Number of protein chains: 2
Amino acid sequence: MIETLQALAEPNRFHIVELLREGPRPVGDMVHRLGLRQPQVSKHLRVLSDAGLVDVRVDAQRRIYALRPAPLKELEVWIATYRRIWEGNFQRLDSVLEGLKAKEKKRGRTSR
Amino acid sequence: MIETLQALAEPNRFHIVELLREGPRPVGDMVHRLGLRQPQVSKHLRVLSDAGLVDVRVDAQRRIYALRPAPLKELEVWIATYRRIWEGNFQRLDSVLEGLKAKEKKRGRTSR
DNA sequence: AAGACATATTCTTTAAGGAGGATATAAAAG
DNA sequence: CTTTTATATCCTCCTTAAAGAATATGTCTT
């Protein structure tokens, strides 16, 4: 999960993922589209690959990279667990705060 | 979007967000739970705040931090656009590859 | 076999960001 | 007004990671 986020957090890698959304692509193609140099692209692809975000298929001299859905799926599931936060108004804030500091006696006003 | 990912990609910040899922909390509370020191927590909260992931509310000397749904929502929407990738099998790979290199004449076998 | 092409890897340099520690600010309590 | 509590900010150090350049590997073409 963290690894997925770290991989996506780099702008160039994010861009690569966006490119791959259209379909699998060889490295050279991405080099042209991204305006990066080949070694950089290969390196970023390595990170994405280690994070399980992409898959390689060898086609003669070239390597065809494709997106792997699993990590993105996992990320989506994680975010979905937050949905209750913006759907149910869970703002039972006061009870939480009261519980935190048991030593505080009264002091009725919340603000100052 | 990138900023959201960068903010979440740091393990401690990710942890903070997880904590805040249970509800708003003052800094000191997180300091205890995370086992980090107060300046670090404040610094991470700063990053999260700049990314729009959290919101502050002043209560006397303490600051109550709460999650802000917007960025997570946005992230979820982004990921959702990828769903067609793992739902529809978009693997019209061959057409893509053929289109890429127009100079390649024939060479019928795909693999090697 | 020789040369061209596609990609990966290694090494070095450099910049970003996190940790530690000290300190500043502001409000509350006595 | 002095002290304590809560939090933010500043500065330095150190680690991580990205960029650049050169080179290695492997495959195709002729």
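Numbers restart at 1 for each chain; the letters A, B, ... are given by sequence-line order, proteins then strands. Given the structure is predicted, the values throughout are model-derived calculations rather than measurements. When reading the values below, keep in mind they use all heavy atoms of this one structure, side chains included, and skip hydrogens, waters and symmetry mates.
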side-chain hydrogen bond (donor to acceptor under 3.5 Å, both in side chains) partners for A:D50, two or more places apart: A:R46
OP1 or OP2 of D:dC28 under 4.0 Å from side-chain N/O of A:R62: no
Any N/O donor-acceptor pair, A:Q38 side-chain to C:dA6 base, under 3.5 Å: no
Between P of D:dA17 and CG of A:L5, the distance in whole Å: 14 Å
side-chain hydrogen bond (donor to acceptor under 3.5 Å, both in side chains) partners for B:Q40, two or more places apart: none
Listed once per pair and sorted, the side chain to side chain donor-acceptor pair (under 3.5 Å) pairs that draw on residues 3-14 of chain B, sequence neighbours left out: B:R13-B:H44
Quiz item: B:Q40 side-chain donor-acceptor pair to C:dG20 base, under 3.5 Å: yes
Backbone N/O of A:A60 and side chain of A:R62: donor-acceptor pair under 3.5 Å: no
Atom pairs, protein N/O to nucleotides 1-4 of chain D N/O, distance under 3.5 Å:
none

Residues within residues 41-55 of chain B bordering DNA chain C, heavy-atom distance below 4.0 Å: B:K43, B:H44
Donor-acceptor contact present, side-chain B:R57 to main-chain B:D55, <3.5 Å: no
ILVMFWY network linking B:L45 to B:V47, side-chain heavy atoms under 4.5 angstrom: no
Sequence neighbours excluded and cut-off under 3.5 Å, please list the side-chain donor-acceptor pairs for residues 68-80 of chain A, or say none.
| residue | atom | partner | partner atom | Å |
| --- | --- | --- | --- | --- |
| A:R68 | NE | A:G52 | O | 2.7 |
| A:E76 | OE2 | B:R83 | NE | 3.4 |
| A:E76 | OE2 | B:R83 | NH2 | 2.4 |
| A:W78 | NE1 | B:E18 | OE1 | 3.1 |

